[in-house]
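What you see is a predicted model; the values in this text were computed from it and never measured.
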Amino acid sequence: MGGHLNINHLIFLGHGALWTVGLSLIALIGGGTVGFAIALARISPLKSVRLASAAYVQLVQGTPLLVILFLGYFGLAAIGLQVSPLVAASASLTLYVAAYLGEIWRGSIQSVPKPQWEAAEGLALSRTQRMLKVILPQAIRIATPPTVGFMVQIIKNTSLASVVGFVELMRSGQIVNNSLFEPFVIYAIIAVVYFAMCYPLSLFSQRLERRMGRGRVNLAPA
Amino acid sequence: MGIQLDFPAVLERWPSFLGGAALTLELAALATMFGALLGTLAAVGRGTHNALIAGACKVYVETIRNTPLLVQIFLVYFGLASLGLKFSAFTVAVAALTINVGAYTAEIMRAGFEAIPRGQIEAAEGLALSRVQIYWHIILLPAVERVYPALTSQFVLLMLASSVCSQISAEELTAIANYIQSDTYRAFETYIIVAVLYVILSLVMRAGFWGLGLVLFPRRRRLGTPL
């Protein structure tokens, strides 16, 4: 206790903010890779693959991220792996983001008009060619606005990694608060920094959406 | 290596788990009710011609939607405390969740309002309905009917997000799990059980909202489409 907020505290918070960006990128890249596989599995011709991926999505979307983080943190320890908070948080966020991005992208792929699929088939393209050359280029256009919107959710959700002891923006704020005990000021600063990261992305997503006209894909994560 | 899971040791605490699940439902139900009200007011406020009210509602919605719930909870918790107001952690949790879900509800409701064809409002004016009648019968009720699916999935997400309230030690499912795991040293088993309970809770909520929709919107039930 005691002391005032000084430049060192702000530098510490700045480091935390950098880690928030870093963790968000890890979650986006990891979750995007797994999520793409999920999206393809959800529309697989094999029924068992479709069912398994649907079950995965339902399970993850029915569980709070906080509980998934605890499971990642304690679960990896329970199977004898000593993991750092960074690894635990990255793994949990990847699994979480994959379920949501997978659903968004499945919706985007499926909203490519049916005749496009049929035309590609009529031109004797293989399934892979059809996906890569006809469907995905169109699906990416549809998927961009909701994906950018979901990046806002990712940034906000990385704040939960603080509970497993990963020092990102939120956790660094808690640490600074422990020494100064000025919670209202410090958390207000933290809120402003999060807002500064998220709001431009929100605006960008809205602009993309407007340019595309009314998108058919909706999402509403917390 | 080798996992040793001991579920019985944790499962014998089942009354605590069920109590936690009930508390989570209570928290979610209260925040949903107040949040729906707050969000509808904010959506109406954003559509008014008074620039001050519209601007204030926009600032509220954008601020909440672009900051993490965890930060909001801490701000409400410590903000109220620094004003010298003492509330239980549960009350603070309800307040913070209400403020949070209100902003998302406002966005959804606004989309519903914008989808009401202008001609219907003009027709209502032509039939000499009062402003209140127009708002209620022509704008609000049809808009709710239209956005009901989006609203309900937002409320399920709110229930899941309420787990974050364990961080200010409000009594709910995750907080009770934290208790049990520190008592039994069986963290992995505890959180697996809690995850299963949350999945069940979200399925129960979805089913409940679906049933409520059948009762509330008979037209949708008969025609299969919203207005």
Side-chain angles (χ1 to χ4, degrees), chain A residues 20 58-81 149 152-153 155-160 162-163 169-170 173-174 177 181-203 214 218-222, chain B residues 1-5 24 62-63 65-75 77-79 81-83 100-101 104 107-108 111 149-151 153-154 156-164 166-167 173-174 177-178 181 186-192 194-203 206:
Chain A
T20 288
Q58 283 300 317
L59 277 182
V60 173
Q61 292 197 349
T63 315
L65 176 58
L66 191 60
V67 173
I68 297 177
L69 276 162
F70 281 136
L71 280 175
Y73 191 60
F74 294 112
L76 290 173
I79 57 172
L81 292 171
V152 175
Q153 309 296 331
I155 294 176
K156 290 192 294 174
N157 281 331
T158 56
S159 66
L160 293 183
S162 60
V163 300
L169 183 54
M170 184 66 195
Q174 287 170 340
N177 180 42
F181 208 73
E182 284 187 60
F184 197 71
V185 178
I186 291 165
Y187 290 122
I189 294 174
I190 301 283
V192 169
V193 178
Y194 273 114
F195 186 82
M197 290 193 233
C198 294
Y199 193 53
L201 277 176
S202 294
L203 285 183
R214 270 197 178 276
N218 356 270
L219 79 163
Chain B
M1 281 299 281
I3 321 171
Q4 288 180 330
L5 291 181
T24 284
E62 295 298 341
T63 311
R65 277 164 46 93
N66 287 292
T67 49
L69 174 61
L70 187 56
V71 178
Q72 292 161 14
I73 289 177
F74 277 125
L75 272 176
Y77 188 61
F78 291 113
S82 65
L83 290 175
N100 181 269
V101 81
Y104 290 93
E107 265 313 84
I108 296 172
L151 277 180
S153 57
Q154 190 63 54
V156 173
L157 285 166
L158 165 78
M159 185 275 290
L160 297 176
S162 73
S163 62
V164 176
S166 60
Q167 294 304 303
L173 185 51
T174 307
N178 293 347
Q181 70 93 7
R186 293 269 164 211
F188 195 37
E189 293 90 331
T190 306
Y191 289 116
I192 287 179
V194 167
V196 171
L197 282 175
Y198 272 112
V199 172
I200 293 172
L201 280 183
S202 59
L203 291 177
R206 261 173 238 258

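Between the CG atom in B/Leu70 and the CD atom in A/Gln174 there is a gap of 6.5 Å [rounded to 0.5 Å]. Remark: B/Phe78 CZ to A/Asn177 CG distance equals 6.0 Å, nearest 0.5 Å. For the atom pair A/Met197 CE and B/Asn66 CG, the distance stands at 11.5 Å (nearest 0.5 Å). Atoms CG and OG, on A/Leu160 and B/Ser163 in that order, are 7.0 Å from each other to the nearest 0.5 Å. Note that CG of A/Leu76 and CZ of B/Phe188 are 8.0 Å apart. Values are rounded to the nearest 0.5 Å. For the atom pair B/Gln72 CD and A/Tyr187 OH, the distance stands at 14.0 Å (nearest 0.5 Å).
A/Val67 and B/Tyr191 get closest at one heavy-atom pair: CG1-O, 3.7 Å. Between A/Ile190 and B/Val71, the closest heavy-atom pair is CG2-CG2, 3.9 Å. In terms of heavy atoms, B/Thr67 sits closest to A/Ala191 at CG2-O, 3.3 Å.
Residue contact with chain A, scored on non-hydrogen atoms closer than 4.5 Å, is absent for B/Thr190. Residue A/Ser162 touches chain B through its side chain alone, counting heavy-atom pairs closer than 4.5 Å. Only the side chain of B/Thr174 has a heavy atom closer than 4.5 Å to any heavy atom of chain A. For B/Gln167, the part sitting under 4.5 Å from any heavy atom of chain A is the side chain, from C-beta outward, and nothing else. For B/Gln181, the part lying under 4.5 angstrom from a heavy atom of chain A is the side chain only.
Between chain B and the residues A/Ser159, A/Pro64, A/Ser202, A/Cys198, the largest count of heavy-atom pairs under 4.5 Å involves A/Pro64. For the set A/Phe184, A/Tyr73, A/Tyr194, the count of heavy-atom pairs under 4.5 angstrom toward chain B peaks at A/Tyr194.
Residues B/Asn178 and A/Phe70 are in side-chain contact: their nearest non-hydrogen atoms beyond the backbone lie under 4.5 Å apart. Using a 4.5 Å heavy-atom threshold, the side chains of A/Lys156 and B/Leu69 count as separate. Side-chain contact check for B/Leu160 versus A/Thr63: every heavy-atom pair is 4.5 Å or farther apart.
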